[in-house]
Amino acid sequence: MDKKINVGVLFGGKSGEHEVSLNSAYNVINAIDKERFDITMIGIDRDGKWMIYEGEPENIKNDTWHHGLTAPKSNLEVLGDERIGNIDVFFPVLHGTFGEDGTIQGIFDIMDVPYVGCGVLGSSVAMDKVVTKQVCESAGVSTCEYTCLYKKEILDDIDRCVATLTICYDLPLFVKPANMGSSVGISKAVDKDSLKEALLEAIKYDNKVIIETFVKGREVEVAVMGNDTIEASCVGEIVPCNEFYDYEAKYLSGDNSAVIIPADLPEELSERIRRMAIKSYQAIGASGLSRVDFFVTDAGNVLLNEINTLPGFTNISMYPKLWEASGLMYTDLITKLIDLAFDRYDSRKALLYAKETE
């Protein structure tokens with residue numbers, strides 16, 4: 001019998017999406033094909049300390065995994081551990097800053113090991129909502145109207161910022177940290193007072209804030225996967241239980257938010273959305289996986305909302321649900337993502353070898 005592949009599952013992290021990462025990792029660890037894969041669990045606490053965890057997955061979900069563990073003085077000590085050296089491929093189930101922004105991907109590249117998901121470029125581009133829109137617009141993908149402000153200018157004269165925004169754009173406006181996921185720090189501003197509050201909330205999480213105009217339309221999402229050959233799932237629709245699909249609606253009150261898969265859309269429109277999802281994925285240089293989110297207006301216009309290069313893998317997350325509705329079950333999805341990690345690594349190594357032998 002062939003030796004099992006050792007998968008290093010990373011979870012936790014320093015970002016505001018730490019809790020989501022724990023839930024995602026718990027589900028991935030439980031669902032992974034145990035006949036084909038062994039698992040090495042690496043937890044990162046809220047202070048950024050890396051620790052190898054050998055306990056029950058349930059303790060990851062309830063955030064007690066780190067009890068009794070002693071973090072090393074340097075994370076580099078963990079990377080030198082023999083158990084890390086035995087890992088064949090990494091699966092970073094890390095959301096947000098330091099997890100899907102290209103930083104951990106750069107570490108894996110330096111270590112010269114395969115890993116699930118996008119590389120440094122795709123990860124870093126998609127992490128910044130402003131840069132994502134700029135890149136995708138240049139590729140011909142439409143987005144809603146937006147602008148951005150920086151923390152310093154907001155703190156220096158927030159009244160001036162509010163006045164300028166309300167002159168240039170109609171209310172309501174959506175205010176978001178430019179580099180954050182899972183709808184953390186997002187607010188809907190309906191007047192000048194709530195706009196001021198929204199700006200102050202957003203800068204708690206990032207030094208750059210994106211302000212978007214309100215789009216009256218349906219929220220739809222597409223799961224995308226692949227390296228050179230790219231596949232898109234069916235289109236799913238979110239009907240949030242709250243005023244918009246915020247953190248609570250996604251992870252705390254998810255059972256009350258309607259998830260319609262496949263979305264009730266004309267076939268031509270669904271195909272157009274799927275093509276736009278692949279086009280956006282290619283534009284940012286994505287590989288492995290991403291979830292691409294759009295708004296669909298009553299007139300049938302499709303506007304890119306954002307791209308998530310490491311979407312949630314919880315039991316209520318859209319990415320696995322979309323693939324399941326498209327015929328790919330959760331366990332098989334994980335296996336395919338790991339296979340894609342090896343394919344991308346082998347392809348990259350082959351290109352580097354070809355350059356060296358020219």
Side-chain angles (χ1 to χ4, degrees), residues 5-34 37-46 48-66 75 78 84 87-108 111 113-119 122-123 126-127 180-182 184 223 225 250-251 286-291 308-323 330-342 344:
I5 295 169
N6 190 341
V7 181
V9 177
L10 278 81
F11 60 87
K14 292 172 65 176
S15 85
E17 299 172 76
H18 182 97
E19 183 181 356
V20 184
S21 170
L22 300 183
N23 281 316
S24 291
Y26 169 78
N27 282 276
V28 168
I29 290 165
N30 279 342
I32 199 168
D33 186 350
K34 305 300 191 301
F37 303 108
D38 285 327
I39 301 171
T40 299
M41 296 176 284
I42 306 111
I44 305 174
D45 70 14
R46 286 180 168 83
K49 295 294 186 181
W50 294 38
M51 291 168 271
I52 297 175
Y53 175 64
E54 296 180 324
E56 294 299 320
E58 187 69 32
N59 294 331
I60 297 174
K61 186 178 181 181
N62 60 34
D63 199 14
T64 61
W65 64 273
H66 48 84
N75 291 330
V78 173
I84 297 290
I87 291 172
D88 299 304
V89 58
F90 283 90
F91 196 140
V93 191
L94 299 167
H95 306 303
T97 312
F98 306 115
E100 56 180 313
D101 59 359
T103 51
I104 193 73
Q105 290 75 18
I107 290 175
F108 294 145
M111 292 172 65
V113 291
Y115 56 93
V116 170
C118 291
S123 299
M127 192 65 197
M180 202 70 194
S182 295
V184 174
M225 176 169 49
K250 285 182 177 180
Y251 301 111
S287 57
L289 75 153
S290 291
R291 193 194 69 234
N308 192 319
T309 57
L310 199 74
F313 276 84
T314 72
N315 59 315
I316 61 170
S317 294
M318 279 292 279
Y319 190 85
K321 281 180 173 290
L322 287 166
W323 280 119
Y330 198 132
T331 296
D332 295 328
L333 170 62
I334 294 170
T335 298
K336 188 160 186 177
L337 292 174
I338 293 170
D339 288 342
L340 284 168
F342 282 110
R344 180 177 178 274

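Both backbone and side-chain heavy atoms feed into the values below; hydrogens, waters and symmetry mates do not.
Contact between Ala25 and Phe11 at its shortest, heavy atoms only, is CB-CB, 3.4 Å. Across all non-hydrogen atoms, the minimal contact from Ser287 to Arg344 is OG-NE, 3.0 Å. Nearest heavy atoms, Gly99 versus Gln105: O-NE2, 3.1 Å. Summarising the geometry of Thr103 relative to Phe98, their closest heavy-atom pair is OG1-CA, 3.1 Å, with the distance given to 0.1 Å. When every heavy atom of Phe313 is checked against every heavy atom of Asn27, the shortest pair comes out as O-CB, 3.2 Å. Taking each heavy atom of Leu94 and Ile104 in turn, the nearest pair found is CD1-CG1, 4.4 Å.
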- request: List the steps, then state whether side chain to side chain contact (heavy atoms under 4.5 Å, CB included) holds for Ser24 with Thr314.
  value: CA-CA 4 Å; Ser24 291; Thr314 72; 3.7 Å; yes
Derivation and outcome, side chain to side chain contact (heavy atoms under 4.5 Å, CB included), residues Val116 and Ile338: CA-CA 6 Å; Val116 170; Ile338 293 170; 4.1 Å; yes
message: Show, in sequence, the C-alpha distance, side-chain angles and deciding distance for Met41 and Glu54, and conclude whether the side chain to side chain contact (heavy atoms under 4.5 Å, CB included) test is met.
response: CA-CA 7 Å; Met41 296 176 284; Glu54 296 180 324; 5.7 Å; no
- prompt: Does the pair Met51 and Asp45 meet the rule for a side chain to side chain contact (heavy atoms under 4.5 Å, CB included), with working shown?
  reply: CA-CA 8 Å; Met51 291 168 271; Asp45 70 14; 3.6 Å; yes
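Between His18 and Ile44 there is no side-chain heavy-atom pair separated by less than 4.5 Å. Using a 4.5 Å cut-off on side-chain heavy atoms (C-beta onward), Ser290 and Cys118 make contact. With a 4.5 Å cut-off on side-chain heavy atoms, Leu337 and Ile334 do not count as touching. The closest side-chain heavy-atom distance from Trp323 to Met225 is below 4.5 Å. A 4.5 Å side-chain heavy-atom check between Val89 and Phe37 finds every atom pair outside the cut-off.
Considering only residues two or more places apart in sequence or on other chains, Asp332 meets the salt bridge (Lys or Arg N to Asp or Glu O under 4.0 Å) condition with none of them. Remark: Phe108 engages Phe90, Tyr115 in a ring pair (Phe, Tyr, Trp, His ring centres under 6.0 Å) (not counting sequence neighbours). Taking Asp339 as the reference, Arg36 meet the salt bridge (Lys or Arg N to Asp or Glu O under 4.0 Å) condition, with sequence neighbours excluded. Not counting sequence neighbours, the partners of Lys336 by the salt bridge (Lys or Arg N to Asp or Glu O under 4.0 Å) test are Glu231. Applying the side chain to side chain contact (heavy atoms under 4.5 Å, CB included) rule to Lys61 yields the partners Asn23, Tyr26, Glu58; only residues at least two apart in sequence or on another chain are considered.
Applying the salt bridge (charged side-chain N to carboxylate O under 4.0 Å, His left out) rule to pairs touching residues 87-99 yields Lys3-Asp88, sequence neighbours excluded.
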